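Computed from a predicted structure; not experimentally measured. Side-chain atoms are counted along with the backbone in the values below, which use heavy atoms only and exclude waters and symmetry mates.
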Protein chains: 2
Amino acid sequence: MTDSRDDNASGKPLTGAGRSRRDVLRFGSIAALGAVLGGGALLGHATPALAQAGNEGELAPNDPLNILIVNYDGGTLLDFAGPSEIFHRLPNTNVRYASLHGGSVNLEFGVVYGNTERLADIEKTDMILVPGGSDLTAPMRPAYQAQIRRLAESAKYVTSVCNGSLVLAATGVLKGKRSACHWAFINKLSEYGAIPVPDRFVEDDNGRFMSGGGVTAGIDFALRVAAKLRGRQAAEFTQLVIEYDPAPPFHSGHPRDASPEIVAMVDKELPGASKGLARIPGVR
Amino acid sequence: MTDSRDDNASGKPLTGAGRSRRDVLRFGSIAALGAVLGGGALLGHATPALAQAGNEGELAPNDPLNILIVNYDGGTLLDFAGPSEIFHRLPNTNVRYASLHGGSVNLEFGVVYGNTERLADIEKTDMILVPGGSDLTAPMRPAYQAQIRRLAESAKYVTSVCNGSLVLAATGVLKGKRSACHWAFINKLSEYGAIPVPDRFVEDDNGRFMSGGGVTAGIDFALRVAAKLRGRQAAEFTQLVIEYDPAPPFHSGHPRDASPEIVAMVDKELPGASKGLARIPGVR
């Protein structure tokens with residue numbers, strides 16, 4: 001039942017002081033680390049050899065990790081593009097994409113995401129990830145809910161980004177569990193028996209349940225998942241490869257920081273947003 | 001010839017002090033702002049009415065903005081998923097996707113991005129955006145280069161994310177221009193006559209040329225582009241909707257912050273990375 005933020009309790013990006021804890025972690029000499037790395041193209045492939053290098057993740061280095069990303073019409077590309085960019089780069093990790101009917105899905109804004117598998121064809125996955133969307137009508141339908149429930153019940157890790165947690169919660173698997181959600185929708189979790197926690201990353205049951213906040217929170221979520229399962233070194237390596245050194249030009253990423261005018265604009269577009277109870281198609 | 005970072009000169013996320021400059025910008029009462037917004041679903045559509053609301057962007061509120069994202073086999077999803085998530089939400093802004101042959105492209109990790117137009121079918125675009133990839137073989141070929149050069153020469157704004165700047169530079173359009181790039185490849189810009197600037201966002205010629213650093217820098221890049229063209233309010237609104245309030249769990253997003261061991265690991269995988277001269281397929 002913890003919402004862990006190791007060495008970053010403020011929820012703000014670390015300053016130089018954040019290095020101290022990182023610096024106590026040593027995985028051997030540079031030469032030794034170099035020796036375990038193979039010659040595969042870094043940006044193009046995960047690095048299996050990384051699994052050998054001083055791993056502190058909860059999975060054994062050679063344990064395969066199968067991650068299933070649930071796609072649906074109306075979904076938000078960035079909700080899963082952040083996590084997938086990170087997960088694809090982890091050692092011994094396989095990322096699959098599936099939707100109810102397989103094939104292409106029509107994400108919001110007319111974006112077409114292709115070549116998904118059929119959910120019914122997937123017997124089991126170690127981790128299920130449900131991203132959010134601007135229209136949850138499709139994944140809230142009984143046939144989608146049944147597949148998501150089936151796969152979540154047998155998964156070791158049940159995860160979501162953005163309002164994908166509402167989709168998971170509607171299946172019943174988050175009953176009594178703490179979960180994150182996009183700030184505009186978070187209090188709707190209660191309607192499905194889940195416990196809304198307004199943080200960027202939330203875990204429960206020692207990490208069986210892990211969730212990220214809205215859209216871009218998927219990147220922070222995935223780095224935390226990576227560190228937990230594959231070790232901090234694998235997570236830091238991936239963070240460096242994707243140059244995740246954020247420098248937002250404005251202070252407007254959360255209602256606590258945004259100007260009242262901007263919050264009011266969102267609240268006007270999505271009535272109820274500032275109470276975390278915005279309406280969205282597919283949700284009662 | 002400026003690399004602007006308004007009120008964020010350190011390149012680090014703003015602290016509370018960053019609010020002062022933002023707070024001098026007032027666009028009228030909350031009620032007045034609310035009144036100009038329409039009833040469209042916020043997450044699903046751009047908000048044309050936003051164009052009316054106290055805009056300070058360099059484009060007139062009703063000027064349409066056409067953005068073309070160049071896709072190719074071997075490209076990196078997150079390089080353009082961040083910007084597209086932001087650009088699709090801007091008022092009077094149309095985002096298109098195109099590749100040499102049209103249809104689906106096979107991004108890295110087997111990700112399939114569908115339904116792109118043919119570059120040759122696009123007569124002109126206001127902005128061209130070239131994202132990066134793990135294999136630049138395809139977009140470095142003469143036929144791709146000719147299309148990118150043609151569209152860039154007539155575009156008002158010539159932009160890139162990650163090592164997409166190498167693709168642009170190879171066409172010759174960045175000769176003598178300052179540009180960003182992923183840290184591991186940035187000094188290769190010189191080989192094409194461009195000027196490497198190791199920042200997360202770089203502009204030149206009063207913003208005709210705008211570029212972002214590696215992968216996730218596309219989000220910061222796009223918010224800056226949004227503010228410049230559509231006004232700060234539109235950018236802040238979008239930042240709030242995508243909950244871009246980053247909280248990276250580690251200090252490992254740039255070689256200046258990452259531990260030497262992690263930098264060495266990347267350098268081993270991508271020889272030359274720590275000098276900004278990593279090799280990549282398609283680049284000599």
Taking all heavy atoms of [X] and all of [Y], pick out the closest pair and write down the distance.
| X | Y | answer |
| --- | --- | --- |
| Y244(A) | R200(B) | CA-NH2, 4.5 Å |
| P249(B) | L223(A) | CG-CB, 3.8 Å |
| H182(A) | E243(B) | CA-OE1, 3.4 Å |
| Q239(B) | H251(A) | OE1-N, 4.4 Å |
| F250(B) | A227(A) | CZ-CB, 3.5 Å |
| R256(A) | D245(B) | NH1-OD2, 3.0 Å |

Applying a strict 4.5 Å limit to non-hydrogen atoms, the region of P255(A) in contact with chain B is both
Honestly, the part of S84(A) sitting under 4.5 Å from a heavy atom of chain B is side chain
Highest number of heavy-atom pairs under 4.5 Å with chain A among L240(B), I242(B), V112(B) belongs to L240(B)
Spatial distance of atom [atom1] ([X]) from atom [atom2] ([Y]) [nearest 0.5 Å]:
| X | Y | atom1 | atom2 | value |
| --- | --- | --- | --- | --- |
| I219(B) | I219(A) | CD1 | CD1 | 4.0 Å |
| F109(A) | F87(B) | CZ | CZ | 13.0 Å |
| H88(B) | L107(A) | NE2 | CG | 10.0 Å |

Scored by heavy-atom pairs under 4.5 Å with chain B, the best of L77(A), V95(A), N115(A) is L77(A)
task = Would you mind reporting whether E269(A) and V241(B) have side-chain heavy atoms less than 4.5 Å apart?
result = no
